[in-house]
Amino acid sequence: QVQLVESGGGSVQAGESLRLSCAASGHTYGTYCMGWFRQAPGKEREGVAAMDLRGGSSYYSDSVKGRFTISQDNAKNTLYIQMNSLKHDDTAMYYCAAGRIDCSGAYLKNYVYGYWGQGTQVTVSS
């Protein structure tokens with residue numbers, strides 16, 4: 001089992017920045033990919049950023065590319081997402097996820113991730 005705990009959410013103005021953290025614990029060995037997803041009210045959960053832990057490659061959705069950056073601190077078993085130039089449309093619950101199956105070609109797809117955090121709310125006022 002892998003436990004994931006997100007933190008860092010909050011309320012900001014459009015144009016401001018936030019950094020979310022995801023602390024991983026438990027049996028993290030063998031995790032292939034980790035990612036950040038978000039879900040706004042009335043919308044489906046969407047993948048916004050992911051990292052292949054085998055090589056460090058990162059992947060982003062078109063909606064956040066150039067504004068969000070995913071990173072990890074192996075020593076702390078923590079995944080981050082730096083979110084700059086936030087927009088009202090970025091308002092959502094943000095979830096951290098970890099996967100132990102081959103996520104190649106599907107980094108931003110829900111089905112490759114078997115472990116999820118409880119989420120942290122990000123609210124951006126325009």
For Asn77, the side-chain hydrogen bond (donor to acceptor under 3.5 Å, both in side chains) test, sequence neighbours excluded, returns none

So, does [X] use its side chain to make a donor-acceptor pair with the main chain of [Y] at under 3.5 Å?
X      : Y     : result
Thr78  : Lys76 : yes
Arg38  : Ala92 : no
Thr123 : Thr91 : no

Practice prompt. Assess Arg45 against Phe37: is NZ or CZ under 6.0 Å from the centre of the six-membered ring, and within 45 degrees of the ring's axis?
Written response: no

Distance, nearest 0.5 Å, that separates [atom1] of [X] from [atom2] of [Y]:
X      : Y     : atom1 : atom2 : result
Asp52  : Cys33 : CG    : SG    : 4.0 Å
Leu20  : Cys96 : CG    : SG    : 9.5 Å
Tyr107 : Tyr32 : OH    : OH    : 11.5 Å
Ser125 : Gln13 : OG    : CD    : 5.0 Å
Cys103 : Leu53 : SG    : CG    : 7.5 Å
Cys22  : Gln72 : SG    : CD    : 11.0 Å

Q) Parallel, tilted or perpendicular: which fits the ring planes of Tyr94 and Phe68, with parallel below 30° and perpendicular above 60°? A) tilted

**Asked** Given Glu6 and Trp36, is the side chain to side chain contact (heavy atoms under 4.5 Å, CB included) satisfied, shown in steps?
**Response** CA-CA 10 Å; Glu6 304 96 333; Trp36 287 97; 3.9 Å; yes

Notebook entry, point to check: Do NZ/NE/NH1/NH2 and the carboxylate oxygens of Asp90 and Lys87 come within less than 4.0 Å?
Noted result: no

If you measure from the Lys or Arg side-chain nitrogens to the Asp or Glu carboxylate oxygens, is any gap between Asp102 and Arg54 under 4.0 Å?
yes

(message) Can you confirm whether Glu44 is buried at CD, in the sense that more than 12 heavy atoms of other residues, nucleotides or ligands lie under 6.0 Å from that atom?
(response) no

- With a 4.5 Å heavy-atom cut-off, do Gln39 and Tyr95 have their side chains touching? yes

Between Met34 and Ile70, the two heavy atoms sitting closest are O-CD1, 4.1 Å

